[in-house]
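Because the structure is a prediction, the values reported are computed rather than measured.
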Amino acid sequence: MFGATVALSDVSLSVPRAAIHALLGPNGAGKTTLLRILAGLTRPSAGVATVLGRDVVHQPADVRRLIGVVPSGDRTFYQRLSGLENLLFFARLYGLDARSAARRARDAMAAVGLAGRENLIIGKYSQGMQKRLAIARALLIDPAVLLVDEATHNLDPEGARQVRELIRAAADRGTGVLWATQRVEEIRGFADGVTLLNKGAVRFTGTPAQFVVRASPRTFLLRISDGVLPPADLLLRLESALGDRALLSADRGSDGEHFVLTLNDGVTLGEAI
């Protein structure tokens, strides 16, 4: 809670290893608040949150050693330092010695496609480069869990695709990823699971395919004619073909070629067509 405002209420979800779980919702849904709680930056007023069995309230130091965080903002680096100098600074904050910090920083920059840009100051990085560097910073300690907040915000389609590929590669190596986004279109073919948050409450949890089916329109007006069959016979043929996928009825007052199609649960328009 923030004062009298309840930011999250009865929110429950779990993210397995080697999987990307999308946290979907509009501004103010509670996505960033949830990520901040898991990162140990905001203390919850009630409830329990754990990362690999470590309680985020009572074992914050243990949790921080397990997670990498990619924040939504672009101003999380020192603009007058180079990319490598920034990563060296954060690596030492993680507790790495100088030699390990240098090795991890260079390896992380190479992993996100920034090899050869190590000595370029952050002020000359594009937004896409800064986002990739933020991912490199999150990977410095080879985290078991990645918390990613609006990673593709303000990126062009190609930059967004590159960021998603980097996150997918981390998940394929065994990292559990909680990916907060407002964009429904980017979870298809990318996320393994999705939780929809709205006004601090869970509205849906399942697979992206299940979410798309529920979020899609269920009723459609179709124009269908073979030029031979009368409307009543055509309707019977169509109903037989559809089976239990959908309900079909003639559109009242139409010319006999328009029908109302209502999809049953779990059926997509493509399947019915």
Side-chain angles (χ1 to χ4, degrees), residues 8-31 34 148 150-153 157-158 160-161 163-165 167-169 171-172 176-273:
L8 296 169
S9 177
D10 296 325
V11 173
S12 179
L13 60 91
S14 61
V15 181
R17 288 180 180 267
I20 298 173
H21 193 94
L23 193 61
L24 186 65
N27 282 332
K31 303 186 302 296
L34 180 56
V148 187
E150 301 286 358
T152 57
H153 180 64
E158 177 60 19
R161 182 190 64 80
V163 167
R164 287 194 295 270
E165 286 183 349
I167 298 300
R168 182 76 259 178
D172 290 343
V177 179
L178 188 56
W179 170 278
T181 182
Q182 299 181 44
R183 301 180 178 182
V184 176
E185 67 275 10
E186 74 177 4
I187 69 174
R188 298 183 69 175
F190 172 66
D192 303 293
V194 57
T195 292
L196 174 65
L197 279 183
N198 190 26
K199 297 181 180 179
V202 173
R203 305 301 183 185
F204 171 86
T205 294
T207 67
Q210 291 169 336
F211 175 76
V212 169
V213 167
R214 287 199 178 192
S216 299
R218 312 302 302 158
T219 302
F220 303 85
L221 181 64
L222 304 182
R223 180 179 181 273
I224 308 172
S225 174
D226 68 354
V228 177
L229 289 173
D233 291 343
L234 181 58
L235 179 59
L236 290 175
R237 293 280 187 92
L238 294 171
E239 288 176 333
S240 176
L242 282 168
D244 60 359
R245 297 180 183 88
L247 300 176
L248 196 68
S249 61
D251 183 38
R252 292 182 178 179
S254 73
D255 53 8
E257 296 184 353
H258 287 80
F259 300 87
V260 177
L261 177 76
T262 303
L263 301 176
N264 290 331
D265 288 344
V267 178
T268 66
L269 179 60
E271 292 170 341
I273 295 296

Validation row: [X], [Y] side chains within 4.5 angstrom (heavy atoms):
{"X": "Leu222", "Y": "Ile273", "answer": "yes"}
{"X": "Leu242", "Y": "Leu261", "answer": "yes"}
{"X": "Val202", "Y": "Asp10", "answer": "no"}
{"X": "Thr205", "Y": "Val194", "answer": "no"}
{"X": "Val15", "Y": "Val177", "answer": "no"}

State whether [X] and [Y] are salt-bridged, where the test is any N-O pair (Lys NZ or Arg NE/NH1/NH2 against Asp/Glu carboxylate O) under 4.0 Å.
{"X": "Arg161", "Y": "Glu158", "value": "yes"}
{"X": "Arg164", "Y": "Glu186", "value": "yes"}
{"X": "Arg237", "Y": "Asp233", "value": "no"}

Open item on the list: Can you confirm whether Arg203 is buried at CZ, in the sense that more than 12 heavy atoms of other residues, nucleotides or ligands lie under 6.0 Å from that atom?
Closed with: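 Result for CZ/Arg203: enclosed.
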
For the atom pair [atom1] ([X]) and [atom2] ([Y]), what is the distance rounded to the nearest 0.5 Å?
{"X": "Lys199", "Y": "Ser9", "atom1": "NZ", "atom2": "OG", "answer": "13.5 Å"}
{"X": "Glu271", "Y": "Asn264", "atom1": "CD", "atom2": "CG", "answer": "11.0 Å"}
{"X": "Leu229", "Y": "Leu235", "atom1": "CG", "atom2": "CG", "answer": "11.0 Å"}
{"X": "Leu24", "Y": "Arg183", "atom1": "CG", "atom2": "CZ", "answer": "12.0 Å"}
{"X": "Leu23", "Y": "Gln182", "atom1": "CG", "atom2": "CD", "answer": "11.5 Å"}
{"X": "Arg245", "Y": "Leu269", "atom1": "CZ", "atom2": "CG", "answer": "13.0 Å"}

Compare every heavy atom of [Y] with every heavy atom of [X], then report the nearest pair and how far apart it is.
{"X": "Glu257", "Y": "Arg223", "answer": "OE1-NH2, 2.7 Å"}
{"X": "Asp192", "Y": "Pro208", "answer": "O-CD, 3.6 Å"}
{"X": "Ile20", "Y": "Ala171", "answer": "CG1-CB, 3.7 Å"}
{"X": "Ile224", "Y": "Phe259", "answer": "O-CE1, 3.7 Å"}

Task: Plane angle bin for Trp179 and Phe190 - parallel if under 30°, tilted between 30 and 60°, otherwise perpendicular - done: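 Perpendicular: the ring planes of Phe190 and Trp179 meet at over 60°.
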
TODO: Kindly say whether Leu197 contributes a backbone atom to a donor-acceptor pair with the side chain of Lys31 at under 3.5 angstrom?
DONE: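 Not a single qualifying donor-acceptor pair exists.
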
